[in-house]
Amino acid sequence: MYDLSDFFRYSGLTAVGLALAATGVPAGAAVGQAPANSVLTFVDASAAAVQPGREDRRAPREERVLRGGSENRQQARQERRSEARQQIRQERRSDARQQRREARQEQRRDGDRGVREQRQRAEQARQDALREARRDQRRDARRDQRRDYRQDERREARRDARRDYRREARQDYRRDYRRAERRAERRWDRREARRDYRQWNRSWRNNNRYNWRNYRASNRRAYRLGRYYAPYRDYSYRRLSIGFTLGSVFFGNRYWINDPWSYRLPEVYGPYRWVRYYDDVLLVNTYTGEVVDVVYDFFW
C-alpha cells in the first residue's frame with residue numbers, strides 16, 4: 001500500500017508546475033515561496049495561481065481527499081483489526097481443534113489403556129486360576145501319595161505281622177518240640193544216670209591200661225592244651241573235690257574231652273562227661289552237675 005502523505009505531496013508539486021508553466025511564473029520562485037512541510041499550502045497556491053476564482057470549489061475536494069485518506073487509514077486499521085481478529089479466531093479454532101484432537105487421542109489412549117488393563121486383569125485372573133488349579137492338583141497328588149503310602153505301610157505291617165506270627169509259631173513249635181525231646185532225653189538219661197551212677201567204679205586207676213602218667217611222660221605235647229579260659233572273668237582256680245556241684249557253664253561242651261582214650265582215661269557213658277577244669281580233669285554228671293571223679297594236675 002502507498003502512503004497518502006507522499007501521494008498528496010507529489011501530486012501537489014505536479015499541479016504547481018503545470019500552473020507556473022501556463023502563467024509564465026518561474027517554477028523555482030513559486031516553489032520557494034511554499035512551505036516544505038505543508039501539502040495544503042502547495043495546493044492552495046497552485047489553485048490561486050491557475051484559477052483565482054475557484055477557491056471555494058477546490059476546498060471541498062481537498063477536504064474530500066483528506067477525508068478519503070483518513071477513511072482509508074481507518075479502513076486499513078479496521079482491516080488489520082479484522083485480520084488480527086480472524087487470525088486470533090483461527091488460532092483459537094486451531095487450538096480448540098488441537099485440544100479436541102488431543103482429548104480424542106487421550107480418550108483413545110485411555111480406552112486402549114483400559115482395554116489393556118482389562119486384558120491384563122483377565123490374563124492375571126487366568127494365571128491365578130491356573131496356578132490355583134496346579135496347586136490343588138499337587139495337593140491332591142500329595143494326599144493321594146500319602147494315602148497310598150499309609151495303605152502300603154498298613155499292608156506291609158499286616159504282612160510282617162503274619163510273617164512274624166508264622167515265624168514265631170514255627171519257632172515256638174520247634175522250641176516246644178526240642179524241649180519235649182530234651183525232657184524225654186533227660187528222663188531217660190536220669191534213669192540211666194541213676195543206674196550207671198551206682199555202677200561207676202573208681203578202681204580204673206588200678207588198671208595199667210589207664211596208666212596216664214607213664215603215657216604223659218612219653219607224650220608230653222598231647223597234654224599241653226594251652227591257657228584255660230574260665231566262664232567268668234573274675235573267677236580264679238579253686239580245688240574241687242568229689243561230691244562238689246558245678247554250674248552248667250563249667251561243663252559246657254567247649255570244656256568236654258571228647259576222646260578220653262587219647263589221654264588214657266576210661267570211656268564214659270550216660271550223663272557222665274570228662275571235663276577240663278584248669279589243669280585238672282573232672283568227671284561230671286551233666287544232669288546234676290555233681291563231680292563224680294577228679295584227677296588233679298592232669299595237664300601241663
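- Using modelled atom types, one finds no donor on one side chain facing an acceptor on the other under 3.5 Å when comparing Gln145 with Tyr149.
- Contact of the Glu132 side chain with the Asp136 side chain is registered, since non-hydrogen atoms from C-beta on lie closer than 4.5 Å.
- Asp152 has a carboxylate O that lies under 4.0 Å from a charged side-chain N of Arg155, or vice versa, which qualifies the two as a salt bridge.
- Considering every non-hydrogen atom in both Glu267 and Pro260, the closest pair reads OE1-CD, 4.1 Å.
- Under 4.0 Å is where a charged nitrogen must lie from a carboxylate oxygen, and between Glu153 and Arg150 no such pair does.
- Seen from the ring of Tyr296, Arg239 counts as a face-on cation partner, given the 6.0 Å and 45° thresholds.
- Counting only distance, with no hydrogens or angles, the side chain of Arg273 and the backbone of Val268 share no donor-acceptor pair below 3.5 Å.
- Paired with Asp164 under the rule salt bridge (charged side-chain N to carboxylate O under 4.0 Å, His left out), one option of Arg166, Arg162, Arg167 passes, and it is Arg167.
- For the residue pair Pro271 and Asn285, the shortest heavy atom distance occurs at CB-OD1, 3.1 Å.
- Note: Tyr232 and Tyr235 have tilted aromatic rings, judged against thresholds of 30 and 60 degrees for the angle between ring planes.
- Side-chain atoms of Gln118 and Arg121 include no donor-acceptor pair closer than 3.5 Å.
- Between Arg205 and Val295 the shortest heavy-atom distance is NH2-CG2, 3.9 Å.
- Using a 3.5 Å distance cut-off with no hydrogens or angles, the side chains of Tyr237 and Asp279 do not pair a donor with an acceptor.
- No chain of hydrophobic side-chain contacts below 4.5 Å, direct or via other Ile, Leu, Val, Met, Phe, Trp or Tyr residues, connects Leu240 to Trp274.
- Ring geometry for Tyr263 versus Phe298: interplanar angle over 60°, hence perpendicular rather than tilted (30 to 60°).
- Checked by atom type and distance alone, the side chain of Arg264 pairs as donor or acceptor with a backbone atom of Trp261 at under 3.5 Å.
- At a threshold of 4.5 Å between side-chain heavy atoms, the hydrophobic network of Ile, Leu, Val, Met, Phe, Trp and Tyr places Val292 and Tyr278 in two separate groups.
- The closest side-chain donor-acceptor pair between Asp95 and Gln99, if any, does not fall under 3.5 angstrom.
- Connection of Ile242 to Trp212 is not established within any shared hydrophobic cluster, with ILVMFWY side chains joined at heavy-atom distances below 4.5 Å, either directly or through further cluster members.
- Distance CZ/Arg209 to OH/Tyr215: 13.0 Å, rounded to 0.5 Å.
- For the atom pair CZ (Arg175) and CZ (Arg182), the distance works out to 10.0 Å, reported to the nearest 0.5 Å.
- Asn211 CG to Asn206 CG: the interatomic distance, rounded to the nearest 0.5 Å, is 11.0 Å.
- Here CD1 of Ile257 is found 7.5 Å from CG of Leu225. Values are rounded to the nearest 0.5 Å.
- A side-chain donor from one of Glu123 and Gln127 sits under 3.5 Å from a side-chain acceptor of the other.
- In this structure the side chain of Tyr277 never reaches within 4.5 angstrom of the side chain of Phe251, judged on heavy atoms.
- Placement of Phe299 and Val275 in two distinct hydrophobic clusters is found when ILVMFWY residues are connected by side-chain heavy-atom separations under 4.5 Å, directly or transitively.
- Using a 4.0 Å cut-off between a side-chain N of Lys or Arg and a carboxylate O of Asp or Glu, Arg178 and Glu181 do not qualify as a salt bridge.
- Aromatic pair Phe250/Tyr255: centroids not less than 6.0 angstrom apart.
- Nearest heavy atom pair, residue Tyr228 against residue Arg276, reads CE1-O, 3.5 Å.
- Ion pairing between a basic and an acidic side chain is recognised when a charged N comes within 4.0 Å of a carboxylate O; Glu156 and Arg159 show such pairing.
- Smallest separation of non-hydrogen atoms from Arg85 and Gln78: NH2-O, 4.5 Å.
- Rounding to the nearest 0.5 angstrom, the gap separating the CG atom in Leu282 from the OG atom in Ser241 is 10.0 Å.
- Here the closest non-hydrogen pair linking Val284 and Leu246 is CG2-CD1, 4.1 Å.
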